[in-house]
Amino acid sequence: MSRRGAVRASQRGAVSLRWRGGWRAVGVPVLVAALLLGACGTPRSGVLGAAPTAPPHSTPPAGGPTSAPTPPSGPPPSPVATRTAPRPPAPTATATRRPDPVTIELWYVRNGLLVPTRRTRPATLTTSRLALTELAAGPTPAEAATGMVTLLPAGVEVTRITDGVATLGPVPSGNDPAERRRLREAQVVWTLTQFPTVRQVRFPGGAPVGRADYPDLLAPIVVTAPSVGERVTAPLTVTGTADVFEATVSIRVLDAAGREVATGFGTASCGSGCRGAYRLVVGWRTAREQHGTIEVYEVSPRDGARINTVAVPVILAPTGS
């Protein structure tokens with residue numbers, strides 16, 4: 001058909017279509033039918049699966065069934081392609097934690113009376129065993145230089161603690177006189193009763209005894225802190241117990257040359273016939289670290305002299321350190 005013939009045909013209600021072999025005239029109804037068939041035919045397909053025939057968020061008609069979206073064709077994507085596998089945790093170094101230190105009080109003997117000192121050791125569940133072991137080990141060279149000794153032999157242990165009473169195993173005594181045995185027992189009693197679980201101690205073949213059974217074995221002034229040989233800084237807190245005139249406790253600090261570099265005084269919670277606790281604070285000034293002495297004493301009501309003096313050798317740290 002010529003081009004002019006095609007125009008005439010279109011004017012008669014026909015439409016010319018370009019087909020594979022050339023132009024062909026078809027009627028309008030045929031064209032409409034072809035378009036409808038193209039719109040209602042099989043949905044387009046691709047590598048991701050069938051294309052949906054309606055928008056993803058379109059509302060289904062009322063009363064009609066809800067159509068689930070057509071799943072994509074083919075196997076799901078591999079997890080390896082979409083997510084990186086977690087790395088194994090890096091090994092961590094586990095350092096062994098040392099137990100916290102514990103400070104225990106030990107009661108030695110000097111001039112026939114009880115004298116306290118302290119030790120700081122790694123914490124343990126068997127603090128009573130630790131205390132008796134340290135008590136039997138005896139004083140340090142610095143403590144021994146002040147006259148401290150121990151009367152407890154090695155190997156004495158607590159066999160059980162029941163209702164606040166610590167029971168001891170056999171305590172070798174030999175042919176010791178009664179006074180020496182009593183001092184040894186007082187050492188053990190005052191050392192073990194520092195722990196809240198122990199109020200009394202039972203020695204083999206005897207009744208339980210406590211601190212109240214040895215009141216005469218304490219000096220008029222007892223210094224519980226600082227300890228012999230301790231390095232101290234100013235201001236220093238000195239603690240202990242005392243049974244002195246009008247409960248007045250005095251203190252002074254001596255440097256390496258024996259010069260008095262500080263003095264002070266305070267009162268115990270009880271005095272003149274009863275024992276009370278005291279707490280004194282004293283300061284001094286020194287430019288270098290040196291040996292020194294803390295002296296705690298009572299002033300005689302008779303002539304003002306220093307009496308019942310307790311001297312504690314220490315290391316005086318420089319002021320401001």
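Listed by first then second residue, pairs satisfying disulfide bond (SG atoms under 2.5 Å apart) with a partner in residues 247-285 read Cys270-Cys274, not counting sequence neighbours. Within the structure, salt bridge (charged side-chain N to carboxylate O under 4.0 Å, His left out) pairs that include any residue of residues 161-180 comprise Asp176-Arg180, Asp176-Arg184 (at least two apart or interchain). Sorted by first and then second residue, the disulfide bond (SG atoms under 2.5 Å apart) pairs involving residues 151-191 (not counting sequence neighbours) form an empty list. Sorted by first and then second residue, the ring-ring contact (aromatic ring centres under 6.0 Å, His included) pairs involving residues 270-292 (not counting sequence neighbours) form an empty list. Here salt bridge (charged side-chain N to carboxylate O under 4.0 Å, His left out) pairs that include residues 197-223, with residues two or more places apart or in two chains, are Arg182-Asp216. Identified under the salt bridge (charged side-chain N to carboxylate O under 4.0 Å, His left out) test for residues 291-310, with sequence neighbours left out: Arg252-Glu295. Pairs of residues two or more places apart, or lying in two chains, that qualify as ring-ring contact (aromatic ring centres under 6.0 Å, His included) and include a residue from residues 175-222 are Trp107-Trp190. Screening residues 225-243 for salt bridge (charged side-chain N to carboxylate O under 4.0 Å, His left out), with sequence neighbours left out, gives Arg118-Glu230, Arg231-Glu289.
Between Met148 and Val109 there is no side-chain heavy-atom pair separated by less than 4.5 Å. Looking at Val314 and Thr293, their side chains never come closer than 4.5 Å, going by heavy atoms from C-beta outward. Side-chain contact between Ile251 and Thr263 is absent, with no heavy-atom pair separated by less than 4.5 Å. With a 4.5 Å cut-off on side-chain heavy atoms, Val261 and Arg285 do not count as touching. Side chains of Val156 and Pro172 form a contact here, defined as non-hydrogen atoms less than 4.5 Å apart. In this structure, Leu151 and Gln187 have side chains that are in contact, with non-hydrogen atoms separated by less than 4.5 Å.
Ser272 places a side-chain N or O within 3.5 Å of a backbone atom of Glu246 that can act as its donor or acceptor partner. Looking at Thr159, its side chain does come within 3.5 Å of a backbone N or O of Thr167 through a donor-acceptor pair. The backbone N or O of Val188 sits nowhere less than 3.5 Å from a side-chain atom of Thr191 that would complete a donor-acceptor pair. Thr319 places a side-chain N or O within donor-acceptor distance of the main-chain N or O of Thr286, the cut-off being under 3.5 Å. Panel note: side chain Thr140, backbone Glu143; a donor-acceptor pair is recorded below 3.5 Å. Side-chain atoms of Ser269 come within 3.5 Å of backbone atoms of Ala277 as a donor-acceptor pair (strictly under, hydrogens ignored).
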Quiz item: Should Val281 and Leu236 be marked as a side chain to side chain contact (heavy atoms under 4.5 Å, CB included) after you check the CA-CA gap, both sets of side-chain angles, and the distance that decides it?
Solution: CA-CA 5 Å; Val281 179; Leu236 172 66; over 6 Å; no

Exercise. Go through the steps to decide whether Leu113 and Leu218 satisfy the test side chain to side chain contact (heavy atoms under 4.5 Å, CB included), and finish with yes or no.
Key: CA-CA 6 Å; Leu113 297 174; Leu218 292 180; over 6 Å; no

Practice problem: Give the intermediate values and the outcome of side chain to side chain contact (heavy atoms under 4.5 Å, CB included) for residues Arg279 and Thr237. | Solution: CA-CA 7 Å; Arg279 180 184 180 91; Thr237 300; 3.7 Å; yes

Exercise. Show your working on side chain to side chain contact (heavy atoms under 4.5 Å, CB included) between Leu192 and Leu132 and close with a plain yes or no.
Key: CA-CA 8 Å; Leu192 289 182; Leu132 292 184; 4.1 Å; yes

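Each of Val296 and Phe265 belongs to its own hydrophobic cluster when Ile, Leu, Val, Met, Phe, Trp and Tyr are linked at side-chain heavy-atom distances under 4.5 angstrom. There is no path of hydrophobic side-chain contacts, each under 4.5 Å, that joins Val299 to Val238. Under the 4.5 Å side-chain contact rule for hydrophobic residues, Val171 and Ile161 share a cluster. Hydrophobic clustering places Leu280 together with Val244 (ILVMFWY residues linked when any side-chain heavy atoms are closer than 4.5 Å, directly or through intermediates). Linking ILVMFWY residues whenever their side-chain heavy atoms come closer than 4.5 Å, directly or via other members, leaves Val312 and Leu254 in distinct clusters.
Annotation for Thr150 and Gly138: closest pair CG2-CA, 3.6 Å, computed over non-hydrogen atoms. Counting all heavy atoms, side chain and backbone alike, Gly229 lies closest to Ile315 at O-CG1, 4.1 Å. Among all heavy-atom pairs drawn from Ala154 and Ala136, the shortest one is CA-CB, 3.8 Å.
With sequence neighbours left out, the salt bridge (charged side-chain N to carboxylate O under 4.0 Å, His left out) criterion links Glu185 to no other residue. Thr224 meets the side chain to side chain donor-acceptor pair (under 3.5 Å) test with Thr239; sequence neighbours excluded. Evaluation of the salt bridge (charged side-chain N to carboxylate O under 4.0 Å, His left out) rule for Arg160 yields no partner, not counting sequence neighbours. Under the side chain to side chain contact (heavy atoms under 4.5 Å, CB included) criterion, Glu134 pairs with Ile104, Leu106, Arg119, Arg121, Leu130, not counting sequence neighbours.
For the side chain to side chain contact (heavy atoms under 4.5 Å, CB included) criterion with Tyr108, the lone passing option out of Leu152, Leu135, Val149 is Leu135. With Gln200 as reference, Val165 is the one residue of Thr193, Val165, Val209, Val189 to meet the side chain to side chain contact (heavy atoms under 4.5 Å, CB included) rule.
A donor-acceptor contact under 3.5 angstrom links the side chains of Thr120 and Thr103, judged on distance only.
With values rounded to the nearest 0.5 angstrom, Thr124 atom OG1 is found 8.0 Å from Arg129 atom CZ. Atoms OG and CG, from Ser250 and Asn308 in turn, are 11.5 Å apart once rounded to the nearest 0.5 Å.
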